[in-house]
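Read the structure below first, then the notes.
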2 protein chains.
Amino acid sequence: MTLLRDEGLTIEELTVWRMLQRAHVHIARHLESELLVAHDLPLASYDVLTQLAEAPARRLRMNDLAGRVLLSRSGLTRLIDRLQRDGLVAREACADDARGLFAVLTDTGAARLAEATPTYLRGIRAKFLDLLGPGEIGLVRDMLAKLPISAVH
Amino acid sequence: MTLLRDEGLTIEELTVWRMLQRAHVHIARHLESELLVAHDLPLASYDVLTQLAEAPARRLRMNDLAGRVLLSRSGLTRLIDRLQRDGLVAREACADDARGLFAVLTDTGAARLAEATPTYLRGIRAKFLDLLGPGEIGLVRDMLAKLPISAVH
DNA sequence: CTTAGAACGTTGCACAGACATCTAAACAGC
DNA sequence: GCTGTTTAGATGTCTGTGCAACGTTCTAAG
């Protein structure tokens, strides 16, 4: 605890970080298991499908996508492998850059996403939003907006 | 997006969750890599050492510890294996319950923790606390306090 | 045109983590 | 005491991820 003083942190500050950690892990695990049992869809896969669904023409370059879902390039390669195997995503060559590849959301993928989304949203509601007081959501947003939400280094 | 309406979530609410996700992952990765390069200590290990350091007599039952560091029992077993191999933690039998085991922080472990803590705290300061306005930390704490910080199910 | 360098994505490797299963010990109930 | 149930931890196995290295393609400098 002496160390805290050395770095000028209060115990409260440290606790806030720990709570943030625990809260996120807790919510993420809940979402993961709900999605898994109900739709056989890991959270990471859900995130990928969502990003693709929101992207123009339902497609995104691998590199681009990797940044958005907080995954390393290699991690994304394997994940897309699995999603492609399951027919939820397809790989398509990039016309103007032969190195590039698009990950494209298939119709099957879109359907699966639509099917899983209620579960996902209910989970967020139950484990996160409903527990906050009115107006606090805006507060949290403002707070989080100041944090580094940059891409993976 | 139509699905959002169906579940009564606004886009803002969904965004808040995503930002929380990104913020946590981003900070955690930063801490992890800093601890790794400077002290060869993964974040999970650091958390274990911290919990033990704060526990009475520097010891905690495996099961108890698993809950605090958000790790499965098997995950903790392996992690303690590694920490024991490195001499940072020792296993000790439990007097009044022959099934039980204590994980005990060794002096080496305590030293290593003390050595790594400045790095850890500096990271939290740089990637989290310093980015918030004054008074916001209390706000966040109150908010997070309402979230489910329960043990692993 | 040629060549050095950077960027995109994939692959080999090692490691961490979860789930299910297992053993040993404690705790019921009778 | 004896048996059935529960709990504490450890282990086998499988999945997922990151890092470093690689092949390929694009781009810039000479």
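Reminder, nothing fancy here: chain letters follow the sequence lines and each chain counts from 1.
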Short side-chain donor-acceptor distance under 3.5 Å, B:T117 and B:Y46: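 Result is yes, a qualifying pair exists.
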Roughly, in whole Å, what's the span from [atom1] in [X] to [atom2] in [N]?
X	N	atom1	atom2	result
B:Y46	C:dA16	OH	C1'	21 Å
A:D97	C:dA6	CG	P	17 Å
B:L71	D:dA10	CG	P	13 Å
A:R91	C:dG9	CZ	C1'	9 Å
B:D64	D:dT7	CG	P	16 Å
B:L36	C:dA14	CG	C1'	14 Å
A:E32	C:dG17	CD	C1'	12 Å
A:R73	C:dT11	CZ	C1'	15 Å

Nearest to side-chain heavy atoms of [X], which nucleotide of [options]:
X	options	result
A:A98	D:dC26, C:dG17, D:dA10	D:dC26
A:M62	C:dG17, C:dT10, D:dA10	C:dT10
A:N63	D:dT17, D:dG9, C:dC8	C:dC8
B:R99	D:dA10, C:dC8, D:dT7	D:dT7

From B:H39 atom NE2 to B:T119 atom OG1, the distance as rounded to the nearest 0.5 Å: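 Spacing of NE2 (B:H39) from OG1 (B:T119) equals 2.5 Å.
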A:L139 with B:M19, same ILVMFWY side-chain cluster at under 4.5 Å: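 Looking at the clustering, B:M19 is in a separate group from A:L139.
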B:R61 side-chain N/O to D:dG9 phosphate OP1/OP2 under 4.0 Å: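 Result: yes.
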Phosphate OP1/OP2 of D:dG18: any A:R78 side-chain N/O under 4.0 Å: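 So the side-chain polar atoms of A:R78 never come under 4.0 Å of the phosphate oxygens OP1 or OP2 of D:dG18.
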Salt bridge present between A:E54 and B:R18 (N-O < 4.0 angstrom):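 A salt bridge links A:E54 with B:R18.
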Sidechain N-carboxylate O distance under 4.0 Å for A:E13, B:R125: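 Result for this pair is yes, salt bridge flagged.
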Base of D:dC19 paired with side chain of A:S74 (donor-acceptor, under 3.5 Å):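 A donor-acceptor contact between them is present.
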Residue mapping more 5' on DNA chain D - nearest nucleotide basis, A:R82 or A:D96: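 Here A:R82 is the residue nearer the 5' end.
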